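Following: one structure in structure tokens, then a few remarks.
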There are 2 protein chains.
Amino acid sequence: MEDKFKVTLAGGETSSVIFKKSIDDLCSYLKAYGENVFYVFDENSARILPSIPEKSVILESGEINKNMESLERIIGSALSFGSARDTRFVGFGGGVICDMTALAASLYMRGAKLTLVPTTLLSMVDASVGGKTAIDYSGGKNLIGTFYPAEDVIITTECLSSLSDREYRCGLGEVIKHSFLTEDDALFLFLRDNRESILSRCDEVLDEMVYSSLMVKCSLIEQDPLEKRGIRSFLNLGHTFGHALESMKGYSISHGEAVAWGVARALEASYEENGLDESVLKRGLTLLTDYGYDIGYRIASSSWESYYRAIGKDKKKSGGKVKFVLLSAPGRPYLAPLDEHTVRSLVVQKY
Amino acid sequence: MEDKFKVTLAGGETSSVIFKKSIDDLCSYLKAYGENVFYVFDENSARILPSIPEKSVILESGEINKNMESLERIIGSALSFGSARDTRFVGFGGGVICDMTALAASLYMRGAKLTLVPTTLLSMVDASVGGKTAIDYSGGKNLIGTFYPAEDVIITTECLSSLSDREYRCGLGEVIKHSFLTEDDALFLFLRDNRESILSRCDEVLDEMVYSSLMVKCSLIEQDPLEKRGIRSFLNLGHTFGHALESMKGYSISHGEAVAWGVARALEASYEENGLDESVLKRGLTLLTDYGYDIGYRIASSSWESYYRAIGKDKKKSGGKVKFVLLSAPGRPYLAPLDEHTVRSLVVQKY
């Protein structure tokens, strides 16, 4: 693998994705930006660096704080340090911090400089590359946001050692999802054959896993940086099912667990609706189960209405209909609506 | 003049600028968008159409409402109508409504469709074309915003007949400013020779005036859509001086009056600092005076500190210094800092 590559996004703008071997190397790289830098951390990520830079704000952790109030705190704090349009915002943390810092940078005087340092597996493989920024709003996930690619995305898998198991597995859900979105089965086989090393976070496998997962993501987003052609939205495999579960449960389950559960539902729907090969379905469900996801979970029938309402709030609507990402084969995704009866039969417990 | 032209902006995206002869023609054009449309008006612009569309929000008028609260009202209202990413937001009003609707559209599910219908002269020649969106924040003008060009900008100068004189002259300030930003003196001569028809808003001159003014603006923004090369910021001629006056006075004077006053100061600074030809200075000041702007106004020396603080908040800072747009000749703008003493001598009353 390369230790640096470029992704070309909307309007020909590029993000550099840079792998650093250690937190020391990361610090040296950040230091080279100079003084005109403003950092955004959360309580967890603030513990990673040996010392906190003076111009910084530390937010409370958690999806529940991915809101307008936090966004205003970032902007207000940048203002209080006299930041200008040429100030570099560094979002240092998980997906919530990366998404919010990037949104704040895109809005600050119509666009400050931006570096993202994802510190969780989920944010390394998902939130940090691709230019999507967001906060949640009025009960809807990522309802407010922009497209604003970071100039630099710096990945240091040493950060992953301090994650809880739950958080780490949360990112693995997205990695596994990526393995279904490429015709090349190298990532799928890598995940299947290195399960123990991956789950115990061995240094040797982490960089390669993150890199291979990003390659799948980048090949899709480069074809459709602004999500206008339907291609980029294939990355939402499992997300419509999963987001609705997160939303219904008030975000008490993690994004990655919800996505893994949603991917399982999408594979089943693909099998039932469009003849996805049974062996592909089975090996997919097995991989998800082997990595410890509770894909057998079903919602109670009394929760069905609130679940289906949450589905209706999904952003991926067109012509009033929610479209699901389904697969006709590995690496062959497509968008299709599913009728209410089909969705219900997939998500509600039968007895 | 053409009744339709395209402007190419960031990332190769284009805005179509469409001139409609009457409000009836405008209504027919809007009707053709179909049902999936959400309108934003203010109290003034809501009176222009014969009836208000069902899916709409009417905000209070005025720069003082160009804030986070109004932005959230637009987004909340769009949500309440079940709007999705393929919904078209139509900003129907002056610069405040255009800027805020465009910001809301750019943020709504990371980008809804957008049409702007500027109804004031200022918004026709300034706010609606070019992709800048904004709200004011924490005492700073347009501190929060994005670049998000409208697909369609529809101009109907019939709307101008209902403007107050003050509002109309407010837009003329920007038109006059544009006349200094082109080496071609056609717009300058048009303004000088048609003063009476322009001030009495004769149908025959309005479309041509708006069109010619937009041509100057578009030639600059097409060269620098994201304001990264310094070219686009030439459109801020007079704005650094003017914004600080607006901000110091709590927006009790209109933007156009502040800009006209600021242009006069910028012409004087250009004459004193860089030898702008005296005849150009004089004919510029004469034009501004002939159109009724109080360019002789100076601030009291007791207000100097609050004025200079407001200058320091200007977005057009780089390396910690505020840059002013100055002219070496008509159509030959450049950016330069001015020392405190020079600024003071230009804006503070002497006796």
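Every chain is numbered from 1 and lettered A, B, ... according to where its sequence line falls, protein lines coming before strand lines. Quick caveat, the model's predicted, so the values are computed rather than measured.
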Check: Does the A:R110 side chain pair with the main chain of B:T133, one donor and one acceptor, at a distance under 3.5 Å?
Finding: yes
Check: Does any non-hydrogen side-chain atom of B:L79 lie less than 4.5 Å from one of A:Y137?
Finding: yes
Note to self: Is A:T146 in contact with chain B via its backbone, its side chain, both, or neither, using a 4.5 Å heavy-atom distance?
What the structure shows: both
Item checked: Segment of A:K228 engaging chain B (4.5 angstrom heavy-atom cut-off) -> side chain
Notebook entry, point to check: In terms of heavy-atom contacts, does CD of A:E60 have more than 12 from other residues, nucleotides or ligands at under 6.0 Å?
Noted result: no
Next item on the list: Report, as yes or no, whether the 6.0 Å neighbourhood of atom NZ on A:K217 holds more than 12 heavy atoms from other residues, nucleotides or ligands.
Entry: yes
Notebook entry, point to check: For the side-chain contact (heavy atoms from CB on, under 4.5 Å) test, which of B:L143, B:L107, B:I135 pairs with A:L107?
Noted result: B:L107
Margin query: Tell me which of these, A:E72, A:E13, A:M68, has more heavy-atom pairs under 4.5 Å with chain B than the rest.
Written below: A:E72
